[in-house]
Amino acid sequence: MPAPTTLLGYIDENADRFIKRLADAVAIPSVSGDRTHREDVFKMAKFIEDQLQTLGVQTRLEDLGTETLDGHEIKLPPAVLGKIGEDPKKKTILIYGHFDVQPAFKSDGWSTDPFTLTIADDGQLIGRGSSDDKGPILGWLNVLEAHRDLGIGLPVNLRFVFEGMEESGSVGLDEFIAAEHARGKDGWFHGVDVVCISDNYWLNTRTPCITYGLRGLAYMFVQVSGPARDLHSGVFGRTVHEPMTDLVTLLGKLVAPDGTILIPGVDDMIRAADSEERELYDRLDYSIADIEAAVGASIAVSDDKTQVLMGRMRQPSLSIHGIEGAFYGSGAKTVIPAKVTGKFSIRLVPPQTPDKVVPLVIQYLEAEFAKLNSKNKLRVYLEHGGKPWVADIKHWNYEAAIKATQAVYNKLPDMTREGGSIPVTLTFAETLGVNVLLLPMGRGDDGAHSTNEKLDRSNFIEGTKLLGTYLHEVAAINA
Ligand SMILES: NCC(=O)N[C@@H](Cc1c[nH]cn1)C(=O)O
Ligand SMILES: [Zn+2]
Ligand SMILES: [Zn+2]
């Protein structure tokens, strides 16, 4: 049963207002990884809760406790829970999204203020969180509003979990889900049939996709410390072991320029793809030109599209993100930093888990450090992690999403595994024991986590139709 045409018409007619609401959301700099923005993450939680209440959703702000960030104990942002519909004859869908965002500064290279939604002539809605993940969350609000204003009953019962710590390891959420689940029929998740998450992107700029896998993550810190304080390099250069020298040597041993992970045992955990599996990646609507357009340069590690896709979807990757404590400003400071922390992460695929991979990394870095004969101190540890997830696509949840995509975009979706990580996905699948799918709104070139993040107007509006249509397709399936 396709969504009522009035619903789709309403979404078109109210597009400008929906975009205004997105602008209001983007204006709240809810950066979870920055202590100075913690109040903004709370403000964003309240923004979402207020909107849900206006739309007739019963809500609850769930206190998730505290965390220690930069040596300070601070409150975690609450999870925003929502509930609408209790009809036992209808299916119940749990919707997940996150309202925190990655950091963004104009000085990173943004063309516009990251927290002012800028509407470009070509329809791009530019601003931090537009695509990841405020646009999709607001898509759900748009769907609720359209049903309410048109007097169309929701075809399913809905439960919402919107969190404010996804970009910083989802601290506190797994424990909350487990505790709620343990409360049985009194718990928030009682009766949930399936989960739908809209927090990823199409592979390209043309073909919608449905995602059935995510990579896991081991986000690691490698810290080298020596002198009691920063030193003058003219006075102490070549007289002491320098932490930065040790650290860059170690970082240089993690990954080869072609992406091969140099830590023994990590790449080897993954069996090679057979021809049948390669075929899955071969079939996807993707080309090297898509990567080049998305990254803005011709730097793909291979000319073979299938190999590049497998590198993103079914192989682990190791990326070096930065060095805390290093001199990075303008000018030429002749300092020997006293303590430096290298930050890198490994994206994991089945059968890898942080528990299996982290000991290999620690053992390797300690052995490599020993070879340096340095008198500095080394500390290697996991900052946060999450397991990979792959779902069964032979489920009515996927059937509904495929039908909805065909109805809205008149195209069969690409079935993808995503290179990114949303650790709570596996928690939902394992703890609640239900099918989970990812139904993305944005395009592959949205620049999530990057400068000039955007969501195309058409993706916001057609994406809203897709979410609404999906609910009706779920309801129509006899399962
Ligand atoms: N849209 C999902 C996403 O961007 N997830 C993050 C999760 C994360 C984990 N640690 C820091 N961020 C990702 O990087 O994949
Ligand atoms: Zn996200
Ligand atoms: Zn993200």
Side-chain angles (χ1 to χ4, degrees), residues 25-26 29-34 41 44 48 67 69 76-77 79 95-104 114 127-140 161-174 195-203 209 211 213-221 294 312-313 316-322 343-349 353-354 357-358 381-389 416-428 436-455 459 463:
V26 166
S30 48
V31 181
S32 55
D34 182 341
V41 191
M44 193 63 211
I48 300 285
E67 66 161 343
L69 186 57
L76 287 166
I95 307 295
Y96 163 89
H98 66 91
F99 52 84
D100 62 319
V101 294
Q102 289 277 323
R128 174 56 90 227
S130 54
S131 179
D132 181 17
D133 184 36
K134 292 180 176 176
I137 288 187
L138 267 62
W140 289 112
V161 179
F162 294 136
E163 70 155 320
M165 280 296 287
E166 196 274 345
E167 300 292 11
S168 301
S170 291
V171 188
L173 194 62
D174 279 3
V195 178
C196 178
I197 298 176
S198 186
D199 181 22
N200 65 312
Y201 326 95
W202 299 353
L203 262 185
C209 72
T211 301
L214 287 163
R215 292 196 286 190
L217 187 77
Y219 201 118
M220 300 199 62
F221 284 12
R312 166 169 158 180
M313 297 182 177
S317 63
L318 189 154
S319 303
I320 300 169
H321 306 297
K343 302 185 179 185
F344 63 95
S345 68
I346 309 178
R347 299 284 175 172
L348 309 172
V349 294
T353 60
V357 169
V358 170
Y381 58 100
L382 176 74
E383 207 274 337
H384 67 266
K387 295 180 198 165
W389 158 80
T416 64
R417 281 170 65 175
E418 179 67 69
S421 314
I422 310 174
V424 73
T425 311
L426 187 75
T427 311
F428 285 135
V436 184
L437 74 75
L438 266 66
L439 191 56
M441 178 177 264
R443 300 184 188 179
D445 67 347
D446 280 356
H449 295 203
S450 179
T451 50
N452 300 324
E453 176 181 348
K454 58 87 179 165
L455 176 67
N459 283 61

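What you see below is based on every heavy atom in this structure, not just the backbone, and it leaves out hydrogens, waters and symmetry mates. Numbering of ligands and ligand atoms starts at 1, following listing order.
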### Query
How about Ser345 and Ser319: does a side-chain donor come under 3.5 Å of a side-chain acceptor?
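Their side chains do not contain a donor-acceptor pair, so the 3.5 Å distance test is not met.
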
### Query
Can Tyr201 and Glu418 be counted as having a side-chain donor-acceptor contact under 3.5 angstrom?
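No.
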
### Query
Do the side chains of Glu166 and Ser32 get nearer than 4.5 Å, heavy atoms only?
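No, every pair of side-chain atoms sits at 4.5 Å or beyond.
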
Under 3.5 Å, is there a donor-acceptor pair between the side chain of [X] and the main chain of [Y]?
X	Y	result
Asn459	Met441	yes
Arg347	Ala218	no
Arg215	Gly419	yes
Thr427	Asp174	no
Asp199	Asp133	no
Glu453	Gly129	yes

#### Entry: the Zn ion (ligand 3): protein N, O or S atoms that are less than 2.8 Å away, sorted by chain
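Listed by chain and number, the atoms are Asp132 OD2, Glu167 OE1, Glu167 OE2, His449 NE2.
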
#### Entry: Residues lining ligand 1 [heavy-atom distance under 4.0 Å, listed by chain and residue number]
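Lining ligand 1: Asp132, Glu166, Glu167, Asp199, Tyr201, Leu217, Arg347, His384, Gly420, Ser421, Ile422, His449.
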
